[in-house]
Amino acid sequence: MPGSWIAPQDRIHHPDYNNELTQFLPRTIILKKPPGAQLGFNIRGGKASQLGIFISKVVPDSDAHRAGLQEGDQVLSVNDVDFQDIEHSRAVEILKTAREILMRVRFFPYNYQRQKERTVH
């Protein structure tokens with residue numbers, strides 16, 4: 001057991017808590033995207049795979065990376081649009097046209113792995 005109390009938001013970075021379930025809890029990522037800027041991440045999946053939309057790549061040192069987005073995150077919603085049963089093309093369109101992105105994600109490596117095995121994009 002850890003000797004001293006660690007604030008919840010710091011636990012994910014603390015070795016005593018690294019195996020805890022906190023890393024799998026939903027979290028909010030906020031990204032501002034100036035016109036013409038790259039998103040800094042790729043997505044895969046969508047309605048066809050029935051597993052949802054997942055982050056498949058995050059560009060190192062991008063805003064997305066600094067905000068804590070990681071490969072294997074499932075995108076639950078973007079700007080209040082439910083992403084759990086959305087077409088891939090629609091998801092891409094929403095992400096590309098938004099100037100500010102409020103994203104709810106959760107780390108879900110198990111389904112991400114299944115997603116990779118099942119689909120090409």
Side-chain angles (χ1 to χ4, degrees):
M1 279 298 289
S4 57
W5 189 82
I6 315 262
Q9 65 269 23
D10 297 328
R11 288 179 191 178
I12 199 154
H13 306 294
H14 196 278
D16 286 336
Y17 282 96
N18 272 354
N19 296 324
E20 249 205 42
L21 292 175
T22 47
Q23 62 176 319
F24 299 106
L25 293 175
R27 56 196 203 282
T28 302
I29 306 274
I30 299 173
L31 297 170
K32 289 192 183 351
K33 192 162 64 75
Q38 295 299 308
L39 280 167
F41 63 89
N42 294 349
I43 59 169
R44 71 182 303 139
K47 200 179 184 108
S49 72
Q50 299 178 318
L51 288 170
I53 298 280
F54 284 84
I55 303 296
S56 60
K57 180 181 179 222
V58 180
V59 178
D61 296 324
S62 63
D63 286 346
H65 181 246
R66 280 189 287 273
L69 211 55
Q70 61 189 345
E71 182 180 351
D73 277 341
Q74 180 183 1
V75 182
L76 303 175
S77 67
V78 172
N79 297 347
D80 293 326
V81 177
D82 185 0
F83 262 46
Q84 295 185 77
D85 189 34
I86 194 173
E87 297 284 354
H88 181 87
S89 56
R90 176 88 180 106
V92 169
E93 184 189 328
I94 289 169
L95 288 166
K96 283 203 164 145
T97 54
R99 289 279 165 261
E100 185 170 290
I101 295 169
L102 178 70
M103 192 186 295
R104 290 286 289 163
V105 300
R106 63 172 172 173
F107 187 49
F108 204 163
Y110 173 72
N111 263 10
Y112 175 61
Q113 202 51 48
R114 288 174 62 206
Q115 167 73 270
K116 278 168 65 171
E117 290 159 8
R118 195 179 290 192
T119 54
V120 286
H121 63 67

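Below, all heavy atoms of this structure are taken into account, side chains as well, without hydrogens, waters or symmetry copies.
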**Q** Quick one: are R114 and L51 in side-chain contact, heavy atoms under 4.5 Å?
**A** yes
**Q** In Å, rounded to the nearest 0.5 Å, how long is the span from CG of D73 to CD1 of I29?
**A** 6.5 Å
**Q** Rounded to the nearest 0.5 Å, what's the gap from CZ on F41 to CG on L69? Could you check?
**A** 6.0 Å
**Q** Holding to salt bridge (Lys or Arg N to Asp or Glu O under 4.0 Å), I want the full list of residues that pass it with R90, two or more places apart in sequence or in another chain.
**A** E93
**Q** Out of curiosity, does L39 fall in the hydrophobic cluster containing L31 (side-chain heavy atoms, cut-off under 4.5 Å, transitive links)?
**A** yes
**Q** Please round to the nearest 0.5 Å and tell me the distance separating atom CD of Q23 and atom CZ of R106.
**A** 13.5 Å
**Q** Please find the pair of heavy atoms, one from G40 and one from S62, that lie closest to each other, and give the distance.
**A** O-OG, 3.6 Å
**Q** Say you draw a straight line from CD1 of I43 to CD1 of I55; how long is it, rounded to the nearest 0.5 Å?
**A** 7.0 Å
**Q** For R66 and D61, work out which heavy atoms get closest and say how close.
**A** NH1-O, 2.5 Å
**Q** What are the two closest non-hydrogen atoms of A91 and I53, and how far apart are they?
**A** CB-CD1, 3.7 Å
**Q** Once salt bridge (Lys or Arg N to Asp or Glu O under 4.0 Å) is applied, do any residues pair with K57, and if so which ones, sequence neighbours excluded?
**A** none
**Q** Closest heavy-atom contact between R44 and Y112?
**A** CD-CE1, 3.6 Å
**Q** Please tabulate, for side-chain N and O atoms in residues 75-83, each donor-acceptor pair with protein atoms closer than 3.5 Å (sequence neighbours left out).
**A**
| from | atom 1 | to | atom 2 | distance (Å) |
| --- | --- | --- | --- | --- |
| N79 | OD1 | L102 | N | 2.7 |
| N79 | ND2 | E100 | O | 3.0 |
| D82 | OD1 | Q84 | N | 2.8 |

**Q** Can you give me the closest heavy-atom contact between G72 and F54, atom names plus distance?
**A** O-CD2, 3.8 Å
**Q** If I compare all heavy atoms of D63 with all of K32, which pair ends up nearest, and what's the gap?
**A** OD2-O, 4.3 Å
